[in-house]
Amino acid sequence: MRAARWHARRDVRVEEVPDPVPAAGEVLVRVELCGICGTDVEEYRGGPLAIDVDRPHPLTGTRVPLALGHEVVGVIAGHGPGTDATRLPVGTRVIPDVVLGCGTCWWCRRHQEGVCARQAVRGLNLDGGLAEYMVADAATCVPVPDHVPPRLAVLAEPAAVAVRALRKAGDVTGGTALVLGAGAIGLLLTRVAVAAGIQVVTSETADFRRAAARHAGAVAVRPEETAAAIDRLTEGRGADVVFECTGLPALLPEAIRHCRARGTVVIVGFSGRDAAVPLADVVLKEKRLVGTAAHLWDEDVTAGVRLLASGVIDPALVPVRVASLDEVPALLAVPDQGVVKVAIDPRGQEEV
Ligand SMILES: [Zn+2]
Ligand SMILES: [Zn+2]
């Protein structure tokens, strides 16, 4: 099969590799679409960040070269020896899990694989979905209803990130949220927050992303208009919750400033760099700073798929441009600036 594999910084090759073989408890997934994420771009431009170069990953035994890609939708194409084929028959459309825990540590025993010290992330520590096929743990694959097409289902992973981020804010029903950045996750967060009865202001520099945020139900503003919009909607108190989705360290102090006293700032975007925190504002105004990382397959990915299936997240919310595997290196070098999400069709057969 063909795969787009990370070899080194600025060296991702589309190449022929052996088909993966599912082990016991695993399934073979034929990839329909795999979204390209900021994480993939960061690994291309500045990696290795999370990719294992010098030694194999302790959990998966994987090291470079490896296939990137964690925003995967595909169909079951085979089962490993002893894998129960009745739950996920061949042809079932699924979202494979992204975050794998060791299964034995204190956190994993409490189903908190996201903070497992030995965790492995698909497309970084084991082969991902920028390939014609991949293998996945059968038990954590989330089935997708037939009426959800690949172009929509490919948003399940970022939708799961949005679902988890919203949950971190606590109950904000009837309140006001500020979303900083209207990339795929910012837009999905905007929509799920609006659907949860929250008034949302989304701040974004790019015109086409602001238009998308408006479609998602937000009051869409330029960064310089943000303070005035929040003041107007909250009588000067500040937003009940601020979701920082840009990952730009310089925006964190601003996110904290836009948050009301005793409100919550959820840090969703993360570039790996440290940020300055205006401590007086946090301490004296009793603001909460909360992190959120990826998602869990059952509580978050399942919820994301439900939002896609029910129409809360519709195909027009995050327009997807479909590209071929051969375009991956160029798309990582110069991400497409005119669209919110690019998804790769590894076999050139995606039908919408
Ligand atoms: Zn991602
Ligand atoms: Zn663990």
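Each ligand, and each atom within it, is numbered from 1 in the order the structure gives.
The main-chain N or O of Leu251 is never found under 3.5 Å from a side-chain atom of Glu254 such that the two would form a donor-acceptor pair.
Ion pair Arg257/Asp281 not flagged as a salt bridge, since none of the NZ, NE, NH1 or NH2 atoms sits closer than 4.0 Å to an Asp/Glu carboxylate oxygen. The pair Arg122-Glu157 fails the salt-bridge criterion, with no side-chain N (NZ, NE, NH1 or NH2) lying under 4.0 Å from an Asp/Glu carboxylate O. Checked for salt-bridge contact, Arg262 and Glu286 meet the test: a charged N lies under 4.0 Å from a carboxylate O.
At the Zn ion (ligand 2), the vertex angle linking SG of Cys108 with SG of Cys116 is 110° (nearest 10 degrees). Rounded to 10°, the angle formed at the Zn ion (ligand 2) by Cys102 SG and Cys105 SG is 110°. Rounded to the nearest 10 degrees, the angle NE2 (His70) to the Zn ion (ligand 1) to SG (Cys37) equals 110°.
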